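Structure record follows, encoded as structure tokens.
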Amino acid sequence: MLSAGELSKKVFNFSYNYFLIDMRHDRESFYALTEKDFLENPVTVCGVVLNLFMDGDLEQADRVIESLPKNQYFDFIKLGIMIVHPKITFKEFIGYIEYLKKNNLQMQNVVLTAGRPSVLNGFNDFTRIAPLLQRHRQLFIDDLSCLYEKSTCPAIYNLCLAEYFYQLDKTLDAEVLVSRIIKEFDKDSERRLLFAALYLQTKILIAYGKTVESESYIKNIRRYVKKTGEAEFSYNIDSAQVMTSFYEGNYALMNRWIKKSAPDEYADFNMLDLYRYMIKVRCYIIKKNYSAAVALLEKLRPLLIAGKRHMDLCELDLLLAITLYRAEKTELAFDAFERALKIAKRRKYYRLIGDEGAAVLPLLIEFIKQDGRSGFSKDFLLMLLDIARSMAVNHPLYLTEELKCLALFSQREIEVLKLIEQGKSRSQIAECFFISENTVKYHVKNIFSKLGATSVTQAVWLARVQGII
């Protein structure tokens, strides 16, 4: 158990060589602090409250904040806490920033991304302010200068704007911005922002239909963040690699992550793992473990509602709809999908819906066919359909059911597949093995059944992507 003095020194180094993940590891020491410890080492309150935020216990966090003494030092600490409070409104956030500007104060140890691959949807969900970015550029840059080095604030603003453009499906505008700012974040003080920029760049490449090798992508990110703060990012970088691998159908990587690194929602539940929980839901969908997916999503729902995390709630209901649709609970799937679409339409999360590609496409098509079910305009739904269809065509393996075919195939069936791939006819295959054409037909029938294929072309393609041939 660490002393109040030791914890105080660590918190003073927060965002330099002591991060939220480290603070989480010291949780029991923070929770053991007394009122006397707070008075002697006031900064330790930050560790207590931030851990309560990560627990999702916002009521207890508010009680601790309200119990703080009323003096100048504690007021400044309270200000830093409130800036990252999950329930903060945009009006309150601006009010705190204006106070900092008015009094010429800096709060540069505030972490808005919390190691997540997003600025607008980091520790807080600031996606709701995105439509204001273009109209109030200088205001936002001035506000950011209270939280980050002034020289990097224009680049941070551009990254926020790029994230907004991406959601609007203005991928070219987003690409132009993010390409310019990556080099500007290539310094120790802004590694967390570099992670967000590189992640967005990868999403844009995927949206363009490019094959993004997850190993290369992660190697690139690790190269940038290696010098400082890798511990802050490692848990989310590993998860981002898994998310990228879904588009490749690389489920071996997914299985290793589940076994070694995935968060356990039944053990030490942690809101810092929100991004990772969403990826784990996708793993459950791939593995057809629908009950586990629903249980995790519904465990997150009240916490996301309390924290006013609109984008995450939209993603939650979207994944819930996909899960229920695959479980053949169509009406319940439509209900969840309608909730997701309402948020997406109101807040312009177009790519959030469309990026689910092959996973959401059949649900979206059937939903559109249900005339009169919702008040969504046809133009809105067709726009989402265009995005989803493009993603499905370019990345057909995304969230497809995990196939474990190799062990099921006999050596002869694999050899028949290879000959089919070479364009051999059934008579030629029969001659090669000194067997009858009926026996070849029997092998082909078994191959189709194991692959779920309905044609020779599809069978060859599925066998290739699964590494069977």
Side-chain angles (χ1 to χ4, degrees), residues 116-121 158-186 193-225 233 236-254 257 275 278-279 282-283 285-286 315 318 322 349-361 364 383-400 402 458 460-462 464-467:
R116 289 180 185 147
S118 174
V119 180
L120 285 176
N121 188 29
N158 284 333
L159 178 54
C160 292
L161 190 60
E163 290 182 349
Y164 175 54
F165 282 157
Y166 180 78
Q167 283 302 322
L168 292 176
D169 197 31
K170 295 182 178 181
T171 50
L172 180 59
D173 293 331
E175 181 184 30
V176 169
L177 285 173
V178 79
S179 297
R180 290 175 182 170
I181 60 184
I182 283 176
K183 290 184 179 180
E184 297 182 46
F185 289 149
D186 185 15
L193 297 168
L194 182 62
F195 177 29
L198 286 168
Y199 185 71
L200 178 59
Q201 185 181 57
T202 301
K203 288 174 69 176
I204 293 169
L205 289 173
I206 291 171
Y208 281 149
K210 302 290 179 66
T211 299
V212 179
E213 294 290 341
S214 59
E215 292 291 342
S216 301
Y217 157 65
I218 293 301
K219 184 178 180 180
N220 192 32
I221 290 184
R222 291 195 196 284
R223 177 170 63 86
Y224 277 109
V225 303
F233 304 98
N236 273 333
I237 291 178
D238 291 342
S239 307
Q241 182 177 10
V242 174
M243 184 66 192
T244 307
S245 75
F246 290 152
Y247 293 96
E248 307 169 67
N250 183 359
Y251 295 151
L253 178 62
M254 175 192 72
W257 181 76
Y275 174 72
M278 293 297 193
I279 291 175
R282 290 175 171 87
C283 295
I285 292 172
I286 289 167
E315 184 178 1
L318 176 60
I322 292 170
Y349 301 151
Y350 305 148
R351 289 227 58 113
L352 179 62
I353 303 292
D355 278 352
E356 292 305 308
V360 77
L361 187 61
L364 181 55
M383 175 188 62
L384 298 180
L385 183 64
D386 283 342
I387 300 172
R389 185 189 294 116
S390 175
M391 291 293 286
V393 169
N394 289 319
H395 307 286
L397 297 180
Y398 180 73
L399 297 197
T400 54
E402 183 181 18
Q458 187 184 22
V460 169
W461 183 79
L462 287 170
R464 282 175 180 170
V465 299
Q466 294 298 321

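These numbers were taken from a predicted model, which means no experiment stands behind them.
Using a 4.5 Å cut-off on side-chain heavy atoms (C-beta onward), I206 and K210 make no contact. The shortest side-chain heavy-atom distance between T400 and Y251 falls under the 4.5 Å cut-off. Residues E163 and V119 have side chains in contact (heavy-atom distance under 4.5 Å, counting atoms from C-beta outward). Put simply, the side chain of M278 reaches to within 4.5 Å of the side chain of E315, judged on heavy atoms. Side-chain atoms of E356 and L318, non-hydrogen and from C-beta on, do get closer than 4.5 Å to each other. Counting only heavy atoms from C-beta outward, the side chains of I353 and I387 never approach each other to under 4.5 Å. Using a 4.5 Å heavy-atom cutoff, the side chains of Y275 and S118 are not in contact. Residues D169 and M383 have side chains not in contact (no heavy-atom distance under 4.5 Å, counting atoms from C-beta outward).
Q241 CD to N236 CG: the interatomic distance, rounded to the nearest 0.5 Å, is 13.0 Å. If you take CG on L385 and CG on L361, they are separated by 6.0 Å, rounding to the nearest 0.5 Å. Atom CE of M243 sits about 10.0 Å away from atom SG of C283, to the nearest 0.5 Å. The CD atom of Q167 sits 9.0 Å away from atom CG of N121, with the distance rounded to the nearest 0.5 Å. Considering OH of Y208 and CD1 of I204, their distance stands at 7.0 Å, rounded to 0.5 Å. To the nearest 0.5 Å, the span separating CG on L198 from CG on L193 amounts to 11.0 Å.
Here the shortest heavy-atom pairing between K203 and D355 reads CE-OD2, 4.3 Å. Closest non-hydrogen pair, L384 versus Y350, comes out as CD2-O, 3.6 Å. Minimum heavy-atom separation, A388 to L364: CB-CD2, 4.3 Å. Here the shortest heavy-atom pairing between L159 and A196 reads CD2-CB, 4.0 Å. Smallest separation of non-hydrogen atoms from M254 and I286: SD-CD1, 3.8 Å. In terms of heavy-atom proximity, A197 sits nearest to V178 at O-CG2, 3.3 Å.
In terms of the ring-ring contact (aromatic ring centres under 6.0 Å, His included) criterion, residue partners of Y247 (sequence neighbours excluded) are, by chain and number, H395, Y398. Checked against side chain to side chain contact (heavy atoms under 4.5 Å, CB included), A358 has the following partners two or more places apart in sequence or in another chain: A392. Residues that satisfy the side chain to side chain contact (heavy atoms under 4.5 Å, CB included) test with N394, not counting sequence neighbours, are S390.
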- Residues R351, T171; criterion side chain to side chain contact (heavy atoms under 4.5 Å, CB included); working and verdict: CA-CA 10 Å; R351 289 227 58 113; T171 50; 4.1 Å; yes

- Message: Please determine whether side chain to side chain contact (heavy atoms under 4.5 Å, CB included) holds for the pair I279 and F246, giving the CA-CA distance in whole Å, both sets of side-chain angles, and the decisive distance to 0.1 Å.
- Response: CA-CA 10 Å; I279 291 175; F246 290 152; 4.0 Å; yes

- Task: Would you check, one step at a time, whether the test side chain to side chain contact (heavy atoms under 4.5 Å, CB included) holds for L172 with F165?
- Result: CA-CA 9 Å; L172 180 59; F165 282 157; over 6 Å; no

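Between E175 and K170, no side-chain nitrogen of the basic residue sits less than 4.0 Å from a carboxylate oxygen of the acidic one, so the salt-bridge criterion is not met.
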